[in-house]
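Not measured: the values here are computed from a predicted model.
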Amino acid sequence: MSEPFLEMRNIVKTYPGVRAVDNVTLSVGRGEIRALVGENGAGKSTLIKILAGAEQADAGEIWLGGQRVRYDSPVEALRLGIGAIYQEFNLVPQLNVAQNIMLGQVPKKWGGQVDTEAMHRRAREMLARLNVSLDTRRLVADLDVAQQQVVEIAKGLARDLRVFIMDEPTAALSAVETEHLLDVVRALKQQGVAIIYITHRMREIFQIADSVTILKDGRHVETSPARSLTSDAIVAKMIGRDLTDYYPPRGTPASEVLFSVRDLNVAGKLFDINLDVRRGEILGIAGLEGQGQRELARIMFGALPYDRGTFLRNGQPIRLSSPSDAIRAGIAYVSDDRKRDGLVLIRSANENIALPSLSRRTNGKILIDEKTERSFVHHLIDRLAIKVTHRSQKVNNLSGGNQQKIVVGKWLGMEPQILIVSEPTRGIDVGSKSEIHHILRDLANQGVGIVMVSSELPEILGMSDRILVMAEGRIVAEMDGTTATEEQLMAAAAIHSVSDTSVPVTS
């Protein structure tokens, strides 16, 4: 590890009822990539918010280039060359891509007018550094999660930073986009930028990090060179125990088909989609980002329109023109964006869990049976091991892993027969990922048919009984989840094109 350029000394931050950061010291050298890891709630996000000026420490000091620095806002931090890309996007949906990338440093003409042409040119240059083609005139509100993450990263690149903080920057990126981003991070390293890189993806740590700092319960556990650590060692130190059975044993799906899609087509998006979901099966949907998987998941929940196709429930045609239709058919959906689609952030854990199944606890009356609801919510909190101080705690104060459990838990109350999950472990720590995996497998063992869309190939391979690979809006391969390999999945996803409509099957 190199000579310190950035130093955070004895940082303390306390919120009502919890000490989020407890006397943490962190130092990073010029041109050093420091991976910062820990479970959700370990203090990582609070620490970097303090560094970026978004939060103020109760105690401690920050030193930059051998000088103690004091600042109390992100604007002042940026003036010092300290900037952050947060896991929670900091974008203005009503502005276009260029306006977001150049926010706070818009080029102007003589007389003070915005130089629109220069602004878009500069924004395109930042996107080109990520090797991404994106219309800079599009509104951010119209972009998907992956595209918004790209804009967030490009916004950071547009500033000449000496310290670059990245909080889960690849969580919503495809494998190709991730590789481009890692190349950009390496280029910043060569330019002497000190980089703090938060990720839950172990592979990225060993691809890019020079050193690793591990936090647990707001405290510093260890800082070591990345080459001296293993994935198992990092996980054990993060969660305080060895993580056994990361992926649960597979069950034995029944031959009974619960749900079918026939000849589904959406102009320019999906072509001749046919699939079956069996009782007790986890059906994995794999492929490179943006190949139609997200649209397919949403259509199966009635959340997107389609041009042509038929849906069958237990062999009988059903209508899926709205989420209400899907819910009546026993279909539930966990979105890839839990904060936008899955939760009411300003409401309590109790309200979020209870919401989809309220009618089951009214006993035909207008008012909710509070005693029944309280028992119902407590049961699900215990069943899913959701960590809340009280069921009235607002979900925006919970960790990502606990928020994801609430999204899953709220659908369990309606006892679905088909559960569609899109990126079920995106942006949560390794311990919570394992817990979500076990929850999904338990549901499958109880006879629920699960469709799991995931861009993480290890997750697809570790969880799926059967795998469908999508490319350019088509299902191009079907594989047995017990024998498929990462190489086979990548080959199927990358090789096939619209002109190749064959569907090889690997048994």
Side-chain angles (χ1 to χ4, degrees), residues 93 97 132-135 137-151 172-177 259-277 283-312 317-326 329 331-337 340-342 418-424 426 451-457 460 467-478 489-490 492-504:
V97 170
V132 171
S133 177
L134 188 62
D135 184 355
R137 300 184 187 279
R138 287 184 64 185
L139 292 181
V140 163
D142 296 333
L143 304 180
D144 63 27
V145 176
Q147 291 169 326
Q148 289 182 26
Q149 179 68 83
V150 168
V151 173
L173 301 186
S174 69
V176 174
E177 290 166 338
F259 178 67
S260 301
V261 178
R262 292 289 178 265
D263 302 318
L264 177 65
N265 282 267
V266 178
K269 294 283 187 180
L270 297 174
F271 307 92
D272 302 320
I273 298 296
N274 291 278
L275 63 83
D276 293 321
V277 184
L283 176 66
I285 309 289
L288 302 176
E289 190 81 22
Q291 302 302 302
Q293 309 96 305
R294 187 172 188 267
E295 289 82 0
L296 175 59
R298 292 174 70 83
I299 288 170
M300 289 191 293
F301 187 60
L304 279 182
Y306 57 95
D307 298 323
R308 177 168 56 85
T310 302
F311 303 96
L312 305 174
I318 59 170
R319 179 180 178 181
L320 288 180
S321 59
S322 70
S324 296
D325 289 339
I331 302 171
Y333 171 59
V334 175
S335 167
D336 58 346
D337 189 343
R340 185 178 70 179
D341 300 329
I418 297 102
L419 177 63
I420 303 164
V421 291
S422 186
E423 305 294 347
R426 173 174 283 169
V451 180
M452 185 183 73
V453 176
S454 178
S455 58
E456 294 194 26
L457 294 186
I460 285 285
I467 302 168
L468 302 179
V469 182
M470 292 190 67
E472 297 185 332
R474 297 179 184 272
I475 294 175
V476 297
E478 178 178 340
L489 291 180
M490 285 301 296
I495 291 173
H496 289 85
S497 64
V498 170
S499 60
D500 180 3
T501 59
S502 60
V503 183

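The side-chain heavy atoms of Arg298 and Tyr333, taken from C-beta on, include a pair separated by under 4.5 Å. Between Thr310 and Asp263, every side-chain heavy-atom pair lies at or beyond the 4.5 Å cut-off. Residues Val140 and Gln148 are in side-chain contact: their nearest non-hydrogen atoms beyond the backbone lie under 4.5 Å apart. Two residues are said to be in side-chain contact when any heavy atoms from C-beta on lie closer than 4.5 Å; Leu143 and Leu134 meet this criterion. For the pair Gln147 and Val97, the minimum side-chain heavy-atom distance is 4.5 Å or more. Two residues are said to be in side-chain contact when any heavy atoms from C-beta on lie closer than 4.5 Å; Met452 and Pro424 meet this criterion. Between Gln291 and Val469, every side-chain heavy-atom pair lies at or beyond the 4.5 Å cut-off. You'll find the side chain of Leu296 stays beyond 4.5 Å of the side chain of Val453, heavy atoms only.
Of the options Leu419, Val277, Leu320, a side-chain contact (heavy atoms from CB on, under 4.5 Å) to Ile331 is made by Leu320 and by none of the others.
Ring orientation note: the planes of Tyr306 and Phe311 are nearly perpendicular, at an angle over 60° on the 30°/60° scale.
A pairwise comparison of heavy atoms in Ile285 and Met470 identifies CG2-SD, 3.8 Å as the closest pair. Closest approach of Leu270 to Gly292, counting heavy atoms only: CD2-O, 3.5 Å. Between Val476 and Ala492, the shortest heavy-atom distance links the atoms CG2-O, 3.6 Å. Shown here for Ala329 and Ile318, the closest heavy-atom pair between the two residues is CB-CD1, 3.9 Å. Across every non-hydrogen atom of Asp276 and Arg262, the tightest pair is OD1-NH2, 2.8 Å. The heavy-atom pair separating Leu139 from Pro93 by the smallest distance is CB-O, 4.1 Å.
Of the possible donor and acceptor atoms, one in the side chain of Asn265 sits under 3.5 Å from a partner among the backbone N and O of Asp272.
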Practice item. Take Ile475 and Ile273 through the test side chain to side chain contact (heavy atoms under 4.5 Å, CB included) and record every step on the way to the result. Key: CA-CA 6 Å; Ile475 294 175; Ile273 298 296; 3.9 Å; yes
Point to revise | Worked verdict on Met300 versus Val451 for side chain to side chain contact (heavy atoms under 4.5 Å, CB included) | key: CA-CA 10 Å; Met300 289 191 293; Val451 180; 3.9 Å; yes
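Here Leu283 contributes atom CG and Ile420 contributes atom CD1; the two are 10.5 Å apart, rounded to the nearest 0.5 Å. The CZ atom of Arg294 lies 6.0 Å from the OG atom of Ser335; values are rounded to the nearest 0.5 Å. Annotation: the span from Gln293 atom CD to Ser455 atom OG amounts to 8.5 Å, rounded to 0.5 Å. The CG atom of Leu264 sits 5.0 Å away from the CD1 atom of Ile299 when rounded to the nearest 0.5 Å. Note that the CG atom of Asp325 and the CZ atom of Phe301 stand 10.0 Å from one another [nearest 0.5 Å].
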